[in-house]
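Scroll down for the structure; my scribbles are underneath it.
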Amino acid sequence: MSAPTISAAQSVGEYLQSPDDLAKVAAFRKKLEKEKASIDARLRSGVKEQLDATRDGLRKLFGTRSNVQGIKDEMETVDRMCSDPKYVVSTFDQISRVSMVHRNFEQTEEMVNNLLEMNSKLEMIEQMLIEDSNDILGPAPNLLRIHFALNRLEAFRSQTMHQAKKSSVDTRNTLARWFERLTRLIEAFDEYVLDLARNILPIVRAGNPDVVVRLMKVVEMEAREDEKAIAIKLVKKAGKIDAASKFRSMQANARVIKHYRSKVMKCITDSIQAKFDEVYAANERDPAGFLDDLVFIYKDLIRIESDVVPCFPPSYEIWNTFVRQYHKALNNTITRLVKSEPEASVLLTLHAWIKEYKKSMRELGIPAELLEPPLLEGKEQSLIEDYLQLIIKKLDEWSENLMRTEVQAFTAREEPPELTADGLYTTPGTIIFLDMVNQQVDLALNSNQGLVLSRAVEEVNRVMRAIQDRWVKLVDTEFKKYSEKPEEVPGGLVEYCIALANDQIKAADFTETLSARIEPLVSDKYRVTIHDRLNDALDGYLDVAKKYTQTLISIIFHDLKPATKQLFQPSWYEGTHSQIIETMRDYMSDYQAYLNESLFEVLLEDLLDSYLVTYLTALANGPKLNMPAATERIRQDINDAYQFFGTYKKMKELEPQMEVLDQVLSMLEASKSLVFLSYWAFAKVHGPCIQFVEALMKARSDLDRSAVSEVMDSVKRKVKDEGLTDPPEPTIMKKIVIQGALSRFLVRT
């Protein structure tokens, strides 16, 4: 059953299924026009080939018909001449029998002489064939003589074997043995002819085009003999039996049809494909080198047009044949190349090569209809998609293998991280990954197509973000294990977090440099996409680096949990705060030695914030403060903090951040009537913070409940009178959480 016909309206309807698809009409129209042009070209080529074949067939048919008619006329004449004597000469039968006996004697004598002389003739022919075949490139001076002699001997063999059809089996076997040497020599000559056909271009390049001319004379003569044999067989099939029996030459013809022309043309085709296969095999591990070596196509075609075409009869249309076969062999070979799944660079090189091939063939004046089918079925643009898919596959494979190794090293932590030339911790996987990305981007750049580069950058962004997310989750998991069951976790988490943080900065610098390098090379159409994708990856690296510094700080404060729980507890008055400072100092010494300088500065800022939040939260949610001992202790803590953080920061930068502790201390030291003055200096920076201030006042042992109420009333009145609100930018106080009475009780218990 034939497939159901789909109308044009249905086809368009399937493509345009939503209003948004109207925007694709232009692209759809171009696609249809391209497909129509391809189909038209194939149809023209097919029609021309069919017309040529039909024209050639008709020409041969008319020639055969003329030959048959001529033979028929001659047969009628002979028949008439042979028939008349029977009625005129009374002794014609006797004369006819005597004539037949005489003719048989002559034929027998001739056959015996030929058999006796055959070996000497074969020796001469064999020697000439050996001389000519020693050098397949020519000059083959004996080619026509060999063919002529062999042709006569072959005719003698055919006639003899035909006459012996009615003889005994022993007789036929004896004759076959006599002709074995001739048969082998004919086969050797046939093979020699086909070898010449396989080496037509090398023969011409060797300066022997006359060998090709002689070869074609042999082929043409054999073709004529084939045509005669076919014509005689047709006459025997269509004519009367009596006429056939009287026509002795017809009976004697037992020629084997050789089809030299078709065999020679097939050898030419096979030799072209063999040459492509040879070049491909020589460069099987170097596909790019194979494409470079294909320059022989143009050299061969130029030489064929100038030196080979004149050696062939015009009816062969040998130029068209060579062009078509070179193109088909090329298509077969590059299809094989694509199926071998070469490197991505090869696909891009092949895409550019095909474009150059089409241009070169146009410059040679070769019509498009001879270049059918189109290379890769006209889908060479799919090489770009194949390249992109290969990039995706390779990036995924390489990154997965790399991550598997890196994750294993990170979770086992059997060895410390590697050190860079600057003495900073790093992991080897980052350098490998960035080199891999650089290679893929350079390959995409070589395509000279903004679309390819843009798509490649999109895939690079996808892989980068996936790796970032994976590392973040892994570090969170390892820190959770560290905080919950530290005894079961391998050491070195700090060192590896430092290494990963350093790698993020390295990757961010690489991404920024990459963006600056490739953005100017593409049009605005793709520049925005490339910038956005690389900028997104850059932000991701910075965010992950920030995440790792937060983890490093979390490790510090996890170790400080016992000490921070004692803040403002009875033991605190004995100086336990110094343990916090010393612990931070130990960690920061390692961080400063092995962490990127920019990251260390970020970590220092975050550590200061975490310290202030921890200290102020503990103060706001702590027990009653023994005044004035508490303020003296706080003052000493502030001094210790200044000394510690002042080691890494300038005082003019540190003081604005530490000022909140000084302001809180001032509120704790102020008398009941002057608290609002200290509070006002605090509130102008941090906003009302009523809940915090109230918790602070309630913690003072020198203020009873009524005093606290008075202080808070004056504070609230001041806030109301001044219309005080939270600052536009949140300060450190926004992070302070004041627990309720129940929460405090639960924490203490």
Side-chain angles (χ1 to χ4, degrees), residues 391 394-395 398-399 402-403 405-407 409-410 416-445 453-454 456-472 474-475 494-522 526-553 588 590-607 648:
I391 278 188
K394 292 298 184 183
L395 282 174
W398 294 339
S399 60
L402 196 59
M403 281 298 293
T405 303
E406 291 294 290
V407 167
F410 178 81
E418 295 182 2
L419 292 174
T420 66
D422 298 330
L424 304 181
Y425 282 140
T426 187
T427 60
T430 300
I431 297 297
I432 297 173
F433 175 72
L434 297 181
D435 286 344
M436 178 179 71
V437 169
N438 219 22
Q439 290 173 8
Q440 299 307 315
V441 171
D442 286 343
L443 286 175
L445 278 172
L453 182 58
S454 176
V457 168
E458 288 179 4
E459 293 305 321
V460 166
N461 168 264
R462 178 184 61 81
V463 174
M464 284 180 169
R465 293 297 274 174
I467 291 176
Q468 293 166 8
D469 293 342
R470 190 168 175 182
W471 274 121
V472 168
L474 181 62
V475 171
V494 168
E495 289 79 3
Y496 271 85
C497 282
I498 292 175
L500 289 175
N502 289 338
D503 289 345
Q504 304 312 301
I505 297 301
K506 188 182 301 178
D509 290 341
F510 166 83
T511 306
E512 187 174 23
T513 302
L514 180 64
S515 181
R517 176 166 71 93
I518 65 177
E519 281 184 37
L521 304 179
V522 295
Y526 301 109
R527 186 179 297 121
V528 174
T529 300
I530 291 173
H531 173 80
D532 290 346
R533 292 294 180 272
L534 291 179
N535 203 49
D536 176 68
L538 173 62
D539 291 342
Y541 282 121
L542 297 178
D543 291 342
V544 174
K546 176 81 170 178
K547 171 68 178 177
Y548 292 157
T549 60
Q550 291 292 342
T551 301
L552 291 172
I553 293 172
M588 290 299 282
D590 290 339
Y591 293 173
Q592 188 177 32
Y594 299 108
L595 188 63
N596 177 276
E597 183 178 356
S598 299
L599 275 182
F600 181 78
E601 293 176 1
V602 172
L603 183 143
L604 181 63
E605 294 296 323
D606 292 343
L607 178 65
Y648 307 106

Worksheet item: Given the rule in the side chain to side chain contact (heavy atoms under 4.5 Å, CB included) test, do Val457 and Ile518 qualify, once you have shown the distances and angles that lead to the verdict?
Response: CA-CA 10 Å; Val457 168; Ile518 65 177; 3.9 Å; yes

Enter the distance from [X]:[atom1] to [Y]:[atom2] here, rounded to the nearest 0.5 Å.
X: Leu453; Y: Glu458; atom1: CG; atom2: CD; value: 10.5 Å
X: Glu418; Y: Thr430; atom1: CD; atom2: OG1; value: 10.5 Å
X: Tyr425; Y: Tyr594; atom1: OH; atom2: OH; value: 4.5 Å
X: Ile432; Y: Glu406; atom1: CD1; atom2: CD; value: 7.0 Å
X: Leu595; Y: Leu424; atom1: CG; atom2: CG; value: 7.5 Å
X: Asn596; Y: Thr420; atom1: CG; atom2: OG1; value: 9.5 Å

Mind checking what makes salt bridge (charged side-chain N to carboxylate O under 4.0 Å, His left out) contact with [X], not counting sequence neighbours?
X: Arg533; value: none
X: Asp509; value: none
X: Lys546; value: Asp606

Discussion item. Going by ring-ring contact (aromatic ring centres under 6.0 Å, His included), name the residues that satisfy it together with Tyr548, two or more places apart in sequence or in a different chain.
Written reply: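 Not a single residue meets the ring-ring contact (aromatic ring centres under 6.0 Å, His included) criterion with Tyr548.
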
Worksheet item: With sequence neighbours left out, what residues match Trp398 under ring-ring contact (aromatic ring centres under 6.0 Å, His included)?
Response: none

Note, [X] side chain near [Y] side chain (heavy atom, < 4.5 Å):
X: Gln468; Y: Asp543; result: no
X: Asn461; Y: Met464; result: no
X: Glu495; Y: Pro416; result: no
X: Leu395; Y: Gln440; result: yes
X: Thr427; Y: Phe410; result: no
X: Thr529; Y: Tyr526; result: no

[X] to [Y] - nearest heavy-atom pair and separation:
X: Ala499; Y: Pro417; value: CB-CB, 3.9 Å
X: Arg465; Y: Gly540; value: NH1-CA, 2.6 Å
X: Ser399; Y: Ile467; value: CB-CD1, 4.0 Å
X: Ala501; Y: Leu599; value: O-CD1, 3.2 Å
X: Ala545; Y: Gln504; value: CB-CB, 3.7 Å
X: Asp590; Y: Ile498; value: O-CD1, 4.5 Å

Fill in: side chain to side chain contact (heavy atoms under 4.5 Å, CB included) between Ser454 and Val522, intermediate numbers included
CA-CA 9 Å; Ser454 176; Val522 295; over 6 Å; no

Worksheet item: Is there any salt bridge (charged side-chain N to carboxylate O under 4.0 Å, His left out) pair reaching into residues 431-442, and which pairs are they, with sequence neighbours excluded?
Response: Asp442-Arg517

Discussion item. One pair to check against side chain to side chain contact (heavy atoms under 4.5 Å, CB included): Val494 and Leu552. What are the steps and the verdict?
Written reply: CA-CA 7 Å; Val494 168; Leu552 291 172; 4.1 Å; yes

Worksheet entry | Trace of the side chain to side chain contact (heavy atoms under 4.5 Å, CB included) decision for Tyr591 with Leu603 | CA-CA 9 Å; Tyr591 293 173; Leu603 183 143; 3.7 Å; yes

Worksheet item: Taking the six-membered ring for Trp, is the centroid-to-centroid distance between Tyr648 and Phe600 below 6.0 Å?
Response: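 Between Phe600 and Tyr648, which both carry aromatic rings, the centre distance is below 6.0 Å.
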
Discussion item. Would the distance check show the side chain of Thr511 and the main-chain N or O of Ala507 forming a donor-acceptor pair, the cut-off being under 3.5 Å?
Written reply: yes

Fill in: Distance-only donor-acceptor check, side chains Lys506 and Thr426, under 3.5 Å
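The answer is yes; a qualifying pair exists.
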
